[in-house]
Peer 1: 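If you scroll down you'll find the structure; I have some questions about it.
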Amino acid sequence: MNQIKYTIFKTKWGYFGLAASKKGLIRTILPLKSRPDVQKRLLDGLKDAQYDPKLLRDVQKQIIEYFEGKAVKFDAPIGFDSVSPFTHKVLWGCAKIPAGKTVSYSQLANTIGSPRAGRAVGSALSKNPVPLIIPCHRVVHADGSLGNFSAPGGTTTKKKLLELEECF
DNA sequence: GTCCCGTCCTGTC
DNA sequence: GACAGGACGGGAC
């Protein structure tokens with residue numbers, strides 16, 4: 001079986017949740033003030049996940065440093081497989097956006113070879129299971145406005161993340 | 001600035 | 001299959 005492990009750790013912004021299978025990260029939860037809340041969101045739909053505080057220690061360290069305002073590059077293995085090929089392409093395209101930079105939904109659509117699929121890109125990003133590691137907050141509307149964000153905190157979180165990265 | 005329609009993918013029935 | 005709906009974009013007004 002593919003054993004799922006998870007961990008919750010504290011960052012400057014609150015408790016951050018990580019869940020991973022043997023293949024790599026399958027879910028992240030952006031910082032929340034309440035640890036049980038993070039745990040609830042993290043384990044929602046995950047069966048038999050085992051708590052492991054040492055899970056992906058390097059990644060934990062990178063995330064903590066990230067929220068302290070340091071420019072870090074996440075080298076976490078990605079292990080989710082329950083997404084469609086298109087969503088997969090969108091997420092990988094998104095993962096290539098450098099910190100502190102933003103692209104529009106249509107630019108991202110363009111890089112994956114479907115220039116008119118801006119809307120589809122949006123719906124693919126809304127399914128992003130690993131926000132932050134896949135920096136979906138770096139994707140904004142073509143006119144410069146933020147667009148939407150499905151992770152806890154919504155656009156407020158998106159804005160805060162972008163402001164944080166501007167200081168990198 | 002707002003409205004509307006084209007676009008393309010996903011989830012549900 | 002068909003259909004509705006979405007983290008969009010761009011043109012018309």
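Computation of the quantities below employed the complete heavy-atom set of this structure, encompassing side-chain atoms and omitting hydrogens, waters and symmetry-equivalent molecules. Numbers restart at 1 for each chain; the letters A, B, ... are given by sequence-line order, proteins then strands.
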Peer 1: Looking at A:S123 and C:dA7, is any side-chain donor or acceptor paired with a base atom of the opposite kind under 3.5 Å?
Peer 2: no
Peer 1: Figure out the CG/P separation between A:D143 and B:dT2, and round it to whole Å.
Peer 2: 12 Å
Peer 1: Using a 4.0 Å heavy-atom cut-off across all strands, classify A:T155 as base, sugar-phosphate, or nothing.
Peer 2: nothing
Peer 1: May I have the distance from A:H141 (atom NE2) to C:dG6 (atom P), rounded to whole angstrom?
Peer 2: 14 Å
Peer 1: Would you say the rings of A:Y15 and A:F9 are close, in the sense that their centroids are separated by under 6.0 Å?
Peer 2: no
Peer 1: In the strands shown, is B:dT7 matched to any nucleotide by a Watson-Crick or G-U wobble pair with both distances under 3.5 Å, and which?
Peer 2: none
Peer 1: Can you tell which of C:dA7, B:dC8, C:dG10 lies closest to the side chain of A:F149?
Peer 2: C:dA7
Peer 1: When you compare the side chains of A:Y66 and A:E165, does any donor N or O come within less than 3.5 Å of an acceptor on the partner?
Peer 2: yes
Peer 1: Between A:H88 (NE2) and B:dC8 (P), how many Å, whole number?
Peer 2: 23 Å
Peer 1: Expressed as a whole number of angstroms, how long is the span from A:R119:CZ to C:dG9:P?
Peer 2: 10 Å
Peer 1: Between atom NZ in A:K89 and atom P in B:dC8, what is the gap in whole Å?
Peer 2: 13 Å
Peer 1: Could you check which nucleotide pairs with C:dA7 in any of the strands shown, counting Watson-Crick or G-U wobble with both distances under 3.5 Å?
Peer 2: none
Peer 1: What's A:S126 touching, base or sugar-phosphate or nothing? Going by heavy atoms closer than 4.0 Å.
Peer 2: base
Peer 1: Under a 4.5 Å cut-off applied to non-hydrogen side-chain atoms, are A:V139 and A:C94 in contact?
Peer 2: yes
Peer 1: Round to a whole Å and report the spacing from CD of A:Q107 to C1' of C:dG10.
Peer 2: 15 Å
Peer 1: Students often get this wrong, so: under 4.0 angstrom with heavy atoms, is A:F86 touching a base, only sugar-phosphate, or nothing?
Peer 2: sugar-phosphate
Peer 1: Could you give the distance from CG (A:L132) to CG (A:L25), rounded to the nearest 0.5 Å?
Peer 2: 10.0 Å
Peer 1: How close or far is atom C1' of C:dG6 from atom CG of A:N148, stated in whole angstroms?
Peer 2: 10 Å
Peer 1: For the side chain of A:S106, counting heavy atoms from C-beta on, which of C:dA7, C:dG9, B:dC8 is nearest?
Peer 2: C:dG9
Peer 1: Expressed as a whole number of angstroms, how long is the span from A:K127:NZ to B:dC9:P?
Peer 2: 12 Å
Peer 1: To the nearest 0.5 Å, what is the distance between OG1 (A:T102) and NE2 (A:H141)?
Peer 2: 12.5 Å
